[in-house]
A.B. asks: 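The structure is given below, and queries will be raised subsequently.
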Amino acid sequence: MVHGTDGSVATLCLDFDTSKALKGVVDSDAARVGRLLSACGMRFVEDFSPSGGRHLYVPLHARLDGAEARELVEALALMATSLDPSPHQNITDGCIRVPGSVHKSGGHQTLITPLSQAYDILRRRNPARALVELRAALAPELARKRALKAREAKTAAAQRTGGFPALPFTAGSESPLRRVARTGLYDAARYKSPSEARMAVLNHFSACGWTLQHVQNELAGQFPGLAALYGSAERQARLLPYEWAKAQSFTSTPPSPEKSLPRKHGEKSALINNTSRTLTTGGAGKSSVAGVHQLVNDLENVLYGVLDHRLQKRGREGLSLRLLIRGLLGYMRAKETDILDVGCRTLAAAMGKHHVTIARLLPILAATSDGILTKIADARQKSADVYLIQLPEQYQQLARELTWRKGKIHAIRPVFRALGDPAALAYEAIERGRHSPTTAEIVRASGVSRNACSAALAEMETLGMIQRHRGTWRTTSANLRVLADRLGVLDDYLDQISRNRHERAIWHAYLARFLETQIEETDLYDQEGEEHWPPPDDDNTLWQEAA
């Protein structure tokens with residue numbers, strides 16, 4: 001039994017089960033968690049079962065409350081796919097098969113740790129300070145688990161009171177291909193062999209703009225199941241380049257003419273989604289690439305010098321407006337154009353907000369930007385509103401007198417979808433400051449209240465994003481993309497993309513009733529193909545590939 005009569009535990013029991021993932025994933029998960037425990041100064045005993053599963057036993061010097069132990073094990077389960085937290089989720093019946101026990105499939109549970117060393121670990125148990133270090137190392141997973149529980153409780157309460165119905169896509173949903181890449185388990189009725197399952201995942205990676213280097217990096221990261229489908233490292237090294245070349249060839253081949261949908265004679269190409277470039281009707285020539293980048297730099301000066309201070313007076317709405325204009329400037333630099341026809345859902349997915357909120361904020365931003373953002377065309381059918389971003393004459397002298405700041409301008413980078421708008425602005429004040437600022441300087445530069453700023457700084461320091469040195473703050477070398485994955489941001493992002501594609505397909509079908517046109521192949525909803533995974537790149541500020 002894992003729990004005592006009072007519900008407390010003397011040993012954390014970590015069960016890595018082959019029913020949750022392939023044996024290769026089980027072995028890599030156990031090794032990764034073992035390295036984490038060792039880095040925190042915790043010793044453990046390890047064994048394996050005839051079925052291929054593994055157990056790690058972490059003895060504690062002081063008994064731990066059952067709820068705290070469950071929280072730690074569930075946090076570890078977020079970083080290890082094959083970890084089964086159920087022994088710590090049942091106080092009355094939670095149990096685990098210890099070394100030497102008879103296994104139900106035959107054989108015995110076999111000890112890996114040398115017997116004398118295991119005896120010493122169980123006799124001299126881990127001190128409380130090691131447990132504190134483990135909590136600090138699991139800070140992102142613990143925060144993610146608390147957020148998930150709060151969201152589930154809020155959703156359940158709203159449904160009980162009739163606040164809103166259940167959504168077709170809920171937080172935590174996962175596409176089949178992503179599950180295959182993560183666990184290595186696949187639907188045998190759909191894929192006849194591991195080879196077919198691998199190719200399905202690689203085809204999707206290729207279609208989403210990944211590179212071979214991206215795939216190789218994530219085989220030991222968030223997608224160990226794909227590596228396990230190869231069976232061995234030698235087989236993976238031999239087959240992965242060949243299969244990746246096949247995937248790229250398959251996804252780069254245009255559809256054959258007989259599969260293309262017919263169009264009427266003289267009909268122009270229809271916009272397939274609300275982020276396609278609007279067909280131009282003449283007028284001013286296209287700005288040069290260098291001119292667009294210089295315009296963005298000048299607009300940043302105006303943003304920091306004038307517009308930020310004006311929007312700060314609008315309170316909480318001002319925070320969203322300031323991040324929205326940053327997002328538009330970032331998209332403008334990425335697309336190298338001053339005319340943007342970005343849909344509200346695309347901006348909402350990039351900023352972690354609801355598309356209705358973006359639709360409400362855009363007209364307000366256009367009205368308060370003093371001529372920087374101007375709407376030049378209304379949305380029509382599948383195309384979005386078109387906006388022109390320019391430098392008004394009254395700000396041209398100011399923009400050229402101020403010095404350009406280092407670094408890139410960002411809207412909501414993935415990690416701040418979980419941490420919130422105040423944290424994003426506070427981090428920007430540290431990252432793009434001309435020197436390491438104090439807390440008071442960050443409050444003035446970010447325009448965030450003192451309490452909200454202090455709370456954001458404390459949370460980011462806990463997560464290892466920033467550190468304090470002699471009263472000033474500076475950023476660390478923490479990988480924000482990896483941290484976003486640990487906070488569960490990618491799952492929320494994919495859920496939002498799924499909803500957007502589903503709602504867009506419904507809208508296009510509605511238009512087809514009146515326009516008497518067929519739905520494009522790209523508008524159809526596919527249970528496995530709707531999830532678009534952006535390549536793992538810290539500079540991917542807007543995740544615009546999701547369009």
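Side chains included, hydrogens not; waters and symmetry mates left out as well; all remaining heavy atoms used. Residues take their numbers from the sequence shown, with the count starting at 1. Predicted model, so just to flag it, every value in this text is computed and none were measured.
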A.B. asks: Would you say that Met465 contacts Leu480 through its side chain, given a criterion of any heavy-atom pair below 4.5 Å between the two side chains?
C.D. replies: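 Of all side-chain heavy-atom pairs linking Leu480 with Met465, at least one is under 4.5 Å.
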
A.B. asks: Decide side-chain contact (heavy atoms from CB on, under 4.5 Å) for Leu362 and Cys344; before the verdict, give the C-alpha distance in whole Å, the side-chain angles of both, and the deciding distance to 0.1 Å.
C.D. replies: CA-CA 9 Å; Leu362 275 173; Cys344 292; 4.1 Å; yes

A.B. asks: Can Arg481 and Glu218 be counted as an ion pair, charged N to O under 4.0 angstrom?
C.D. replies: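 Counted as a salt bridge, because a side-chain N and a carboxylate O are separated by less than 4.0 Å.
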
A.B. asks: Side chains of Ser436 and Thr472: donor-acceptor distance under 3.5 Å anywhere?
C.D. replies: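 Per modelled atom types, Ser436 and Thr472 side chains form no pair under 3.5 Å.
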
A.B. asks: Salt-bridge test for Glu503 and Arg499: reply yes if a basic N is under 4.0 Å from a carboxylate O, no otherwise.
C.D. replies: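 Looking at Arg499 together with Glu503, the answer is no, because their closest N to O distance does not fall below 4.0 Å.
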
A.B. asks: Is any side-chain heavy atom of Asp29 closer than 4.5 Å to one of Leu83?
C.D. replies: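 No; the side chains remain at least 4.5 Å from each other.
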
A.B. asks: Compare all side-chain heavy atoms of Leu78 with those of Arg486 and state whether any distance is below 4.5 angstrom.
C.D. replies: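 Counting from C-beta outward, Leu78 and Arg486 never come under 4.5 Å.
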
A.B. asks: Ring centroids only, cut at 6.0 angstrom: are Tyr387 and Tyr331 within range, meaning strictly under it?
C.D. replies: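 Ring centres of Tyr331 and Tyr387 not closer than 6.0 Å.
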
A.B. asks: Taking NZ, NE, NH1 and NH2 as the nitrogens, is one of them in Asp308 or Arg326 under 4.0 Å from a carboxylate oxygen of the other?
C.D. replies: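 Here Asp308 pairs with Arg326 in a salt bridge, since their nearest N and O are under 4.0 Å apart.
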
A.B. asks: Can a side-chain donor-acceptor contact be found between Gln213 and Asn217 if the only test is distance below 3.5 angstrom?
C.D. replies: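 Judged by distance alone, the side chains do pair up.
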
A.B. asks: Would you call Glu71 and Lys149 a salt bridge, taking side-chain N to carboxylate O under 4.0 Å as the test?
C.D. replies: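 Result for this pair is no, no salt bridge flagged.
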
A.B. asks: Does Arg144 reach the main-chain N or O of Ala418 with its side chain, forming a donor-acceptor pair under 3.5 Å?
C.D. replies: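 Not confirmed, Arg144 side chain does not pair with Ala418 backbone.
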
A.B. asks: So which heavy atom on Met42 is nearest to which on Leu131, and how close?
C.D. replies: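 Taking every non-hydrogen atom into account, CE-CD1, 4.2 Å.
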
A.B. asks: Under 3.5 Å, is there a donor on one side chain and an acceptor on the other for Trp473 and Thr439?
C.D. replies: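 A donor-acceptor contact under 3.5 Å links the two side chains.
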
A.B. asks: Where do Asp492 and Arg151 land on the side-chain contact (heavy atoms from CB on, under 4.5 Å) test, with the steps shown first?
C.D. replies: CA-CA 12 Å; Asp492 295 337; Arg151 187 182 307 171; 3.0 Å; yes

A.B. asks: Could you check whether any side-chain heavy atom of Asp370 comes within less than 4.5 Å of a side-chain heavy atom of Gln394, counting everything from C-beta outward?
C.D. replies: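 Yes, at least one pair of side-chain atoms sits under 4.5 Å.
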
A.B. asks: Decide side-chain contact (heavy atoms from CB on, under 4.5 Å) for Leu463 and Leu419; before the verdict, give the C-alpha distance in whole Å, the side-chain angles of both, and the deciding distance to 0.1 Å.
C.D. replies: CA-CA 10 Å; Leu463 296 175; Leu419 302 182; 3.7 Å; yes

A.B. asks: Got a donor-acceptor contact below 3.5 angstrom from the Ser206 side chain to the Leu202 backbone?
C.D. replies: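 No; judged by distance alone, with no hydrogens or angles, the pair does not exist.
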
A.B. asks: Indicate yes or no for a side-chain donor-acceptor contact from Asp385 to the backbone of Ala379 under 3.5 Å, with no hydrogens or angles considered.
C.D. replies: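 Side chain of Asp385 to backbone of Ala379, a donor-acceptor pair under 3.5 Å: yes, one is there.
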
A.B. asks: Within the 4.5 Å heavy-atom criterion, are Lys353 and Asp421 side-chain neighbours or not?
C.D. replies: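 Yes. Closest side-chain heavy atoms under 4.5 Å.
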
A.B. asks: Could you tell me whether the side chain of Arg417 and the main chain of Ala349 form a donor-acceptor pair under 3.5 Å?
C.D. replies: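 Judged by distance alone, yes, a pair lies under 3.5 Å.
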
A.B. asks: So, do Phe16 and Val33 sit near enough that their side-chain heavy atoms are less than 4.5 Å apart?
C.D. replies: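 Sidechains of Val33 and Phe16: in contact.
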
A.B. asks: Kindly indicate whether the side chain of Leu134, heavy atoms from C-beta on, has any atom under 4.5 Å from the side chain of Leu36.
C.D. replies: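 The answer is yes; the side chains approach within 4.5 Å.
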
A.B. asks: Might you confirm whether atom CZ of Arg129 has over 12 heavy atoms from other residues, nucleotides or ligands at distances under 6.0 Å?
C.D. replies: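 No - once you tally the heavy atoms of other residues, nucleotides and ligands closer than 6.0 Å, there are 12 at most.
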
A.B. asks: Determine, step by step, whether Leu398 and Asn301 satisfy the side-chain contact (heavy atoms from CB on, under 4.5 Å) criterion, reporting the C-alpha distance in whole Å, the side-chain angles of both residues, the deciding distance to 0.1 Å, and the verdict.
C.D. replies: CA-CA 8 Å; Leu398 173 65; Asn301 284 342; over 6 Å; no

A.B. asks: Find out whether Asn500 and Thr346 are in side-chain contact, i.e. whether some heavy atom of one side chain is under 4.5 Å from a heavy atom of the other.
C.D. replies: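 Side chain of Asn500 against side chain of Thr346, heavy atoms only: no contact under 4.5 Å found.
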
